[in-house]
Student: 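Encoded as structure tokens, here's the structure I'll be asking about.
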There are 2 protein chains.
Amino acid sequence: MKFCPTCASKVSFRIPEGDDRERFICDDCGEIHYQNPRIVVCSVPCFEDKVLLCKRAIEPRYGKWTLPGGFMENAETTQQAALRETREEACARIELHGLYSYYNLPHINQVHLFYRASLLDLDFGAGPESLEVNLFRKDDIPWNEIAFPAVGNTLEHYFSDRLTNQYPLRAANVILSPDNRRIIQPAD
Amino acid sequence: MKFCPTCASKVSFRIPEGDDRERFICDDCGEIHYQNPRIVVCSVPCFEDKVLLCKRAIEPRYGKWTLPGGFMENAETTQQAALRETREEACARIELHGLYSYYNLPHINQVHLFYRASLLDLDFGAGPESLEVNLFRKDDIPWNEIAFPAVGNTLEHYFSDRLTNQYPLRAANVILSPDNRRIIQPAD
């Protein structure tokens with residue numbers, strides 16, 4: 001941010017009075033422009049012993065496999081975001097079974113939520129952001145071609161929890177290691 | 001938003017090519033400025049059979065009671081946000097026991113998270129955004145003076161779940177009724 005979205009004057013990046021961290025502040029009108037983490041909502045669409053994955057048609061991770069998901073929009077709920085993204089990316093209709101896992105990604109200012117879900121029918125297909133959409137049994141999942149660590153971690157939990165039919169909420173952080181690898185760190 | 005934060009030109013509010021909803025788009029450089037929901041993180045700081053509440057020293061709901069919480073910041077985790085806000089608003093140190101409830105507030109583009117927690121000591125007090133901080137037993141809680149519906153709802157769940165020592169994750173939406181009251185609607 002270089003200019004004030006309200007009055008077009010230049011902004012400074014400094015600590016406002018009474019605050020403890022730097023913010024973008026308009027040099028003219030004085031407005032403080034806060035920036036906060038964004039929410040990504042995904043689903044884990046299940047059918048029998050299979051899970052629906054999408055092959056990404058967009059960057060980052062073009063050609064890698066992921067669970068359907070994307071940025072939560074204003075004026076919607078997390079549940080609506082999960083249904084919408086699953087419809088958009090996999091042309092699929094699902095029923096939700098509650099929040100199953102969530103991950104903080106503080107290095108990119110994001111929080112990712114995963115909802116467990118059932119496919120309502122087998123009429124699915126690739127949306128504009130997917131190259132291909134398919135159902136996978138545990139052993140058929142392209143484990144080495146998964147787009148994001150949180151997706152792989154959630155799939156591992158899912159296939160493990162399926163054995164007992166108990167799905168406790170899983171919380172973790174995805175952090176960057178000193179050599180720039182993304183590491184899953186379980187959290188409270 | 002009236003002006004582009006990147007180049008200071010005027011922005012239009014219209015649907016970008018390939019999108020399905022209106023965004024702020026710069027008329028000059030073409031940048032699309034997405035706006036997304038923000039996360040508020042709160043704690044439920046418990047000690048024996050009591051919960052710590054803060055009397056608000058700021059609007060909205062000046063003088064009403066709330067659980068400590070506030071907007072999640074960039075570069076932190078939801079857990080760090082819960083610890084920080086509890087320290088800032090109630091000068092209190094807590095240990096977290098996991099996500100306990102969450103609420104979508106689509107009419108104000110927010111998601112509120114509540115972490116169950118234990119007070120680590122009784123050395124607490126009012127931070128700059130609180131008039132007063134106190135521990136309350138269930139029967140002493142100022143139920144008619146609670147600042148936000150999600151706070152009241154979480155406190156009700158907590159004192160009910162305490163009886164069985166089972167704390168399942170609670171999900172709900174806070175929606176506006178036609179006559180402008182905020183209603184709690186349980187969700188998946």
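Everything numeric in this text was worked out from a predicted model, so none of it was measured. All values below were derived from every heavy atom in this structure, side-chain atoms included, with hydrogens, water molecules and symmetry-related copies excluded.
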Student: Report, as yes or no, whether the 6.0 Å neighbourhood of atom CG on A:D20 holds more than 12 heavy atoms from other residues, nucleotides or ligands.
Tutor: yes
Student: Counting heavy-atom pairs under 4.5 Å to chain A, which of B:P5, B:P106, B:A171 comes out on top?
Tutor: B:P5
Student: Does A:N36 use its side chain to pair, donor to acceptor, with the backbone of B:M72 at less than 3.5 Å?
Tutor: yes
Student: Are A:V40 and A:V44 connected in a single hydrophobic cluster, I mean Ile/Leu/Val/Met/Phe/Trp/Tyr linked by side-chain heavy atoms less than 4.5 Å apart?
Tutor: no
Student: In terms of hydrophobic clustering (I, L, V, M, F, W, Y; side-chain heavy atoms under 4.5 Å; direct or indirect links), are B:L52 and B:F47 co-clustered?
Tutor: yes
Student: Give, for atom CZ of A:R38 and atom CZ of B:R38, the distance between the pair rounded to the nearest 0.5 Å.
Tutor: 14.0 Å
Student: Any chance you could measure B:L169, atom CG, to A:Y102, atom OH, to the nearest 0.5 Å?
Tutor: 9.0 Å
Student: Could you look at B:T6 and say if it's the side chain, the backbone, both or neither that has a heavy atom under 4.5 Å from chain A?
Tutor: backbone
Student: Below 4.5 Å, heavy-atom pairs only: which of B:H107, B:E95, B:R23, B:H97 has the largest tally toward chain A?
Tutor: B:R23
Student: Would you indicate whether B:K138, at its atom NZ, is surrounded by more than 12 heavy atoms from other residues, nucleotides or ligands within a distance under 6.0 Å?
Tutor: no
Student: Against chain B, work out which of A:G18, A:A75, A:G98, A:P128 has the most heavy-atom pairs shorter than 4.5 Å and name it.
Tutor: A:A75
Student: Looking only at side-chain N and O atoms, does B:N173 offer a donor or acceptor that is under 3.5 Å from a partner on A:T77?
Tutor: no
Student: Identify the residues of residues 81-88 of chain A whose heavy atoms come closer than 4.5 Å to a heavy atom of chain B, ordered by number, or report 'none'.
Tutor: A:R84, A:E88
Student: Heavy-atom cut-off 4.5 Å, strictly under: side chain, backbone, both or neither for B:Y34 against chain A?
Tutor: side chain
Student: What part of B:R170 gets closer than 4.5 Å to chain A, counting heavy atoms only: side chain, backbone, both or neither?
Tutor: neither
Student: In terms of hydrophobic clusters joined by side-chain contacts under 4.5 Å, are B:I141 and B:W65 together?
Tutor: yes
Student: Could you name the residues of residues 174-188 of chain A that have a heavy atom within less than 4.5 Å of a heavy atom in chain B?
Tutor: A:A187, A:D188
Student: So which residues of residues 110-127 of chain A are in contact with chain B at a heavy-atom cut-off of under 4.5 Å?
Tutor: A:V111, A:Y115
Student: Find out if a path of hydrophobic residues (ILVMFWY) with successive side-chain heavy-atom gaps under 4.5 Å connects A:I15 to A:I25.
Tutor: no
Student: Let me confirm one number: the CD-CG distance from B:Q80 to A:N104, rounded to the nearest 0.5 Å.
Tutor: 8.0 Å
Student: Distance check, rounded to the nearest 0.5 Å: B:C4 atom SG versus A:F3 atom CZ?
Tutor: 8.5 Å
Student: Got a sec, which residues hit side-chain contact (heavy atoms from CB on, under 4.5 Å) with B:Y62, two or more places apart in sequence or on another chain?
Tutor: B:E59, B:L131
Student: Flag the one option from A:Q79, A:M1, A:K2 with the top tally of heavy-atom pairs under 4.5 Å to chain B.
Tutor: A:Q79
Student: With the 4.5 Å side-chain cut-off for hydrophobic clustering, are B:I39 and B:F148 part of the same group?
Tutor: no
Student: Just so I understand: if I count every heavy-atom pair under 4.5 Å between each of A:T78, A:I108, A:L96, A:L105 and chain B, which residue has the most?
Tutor: A:T78
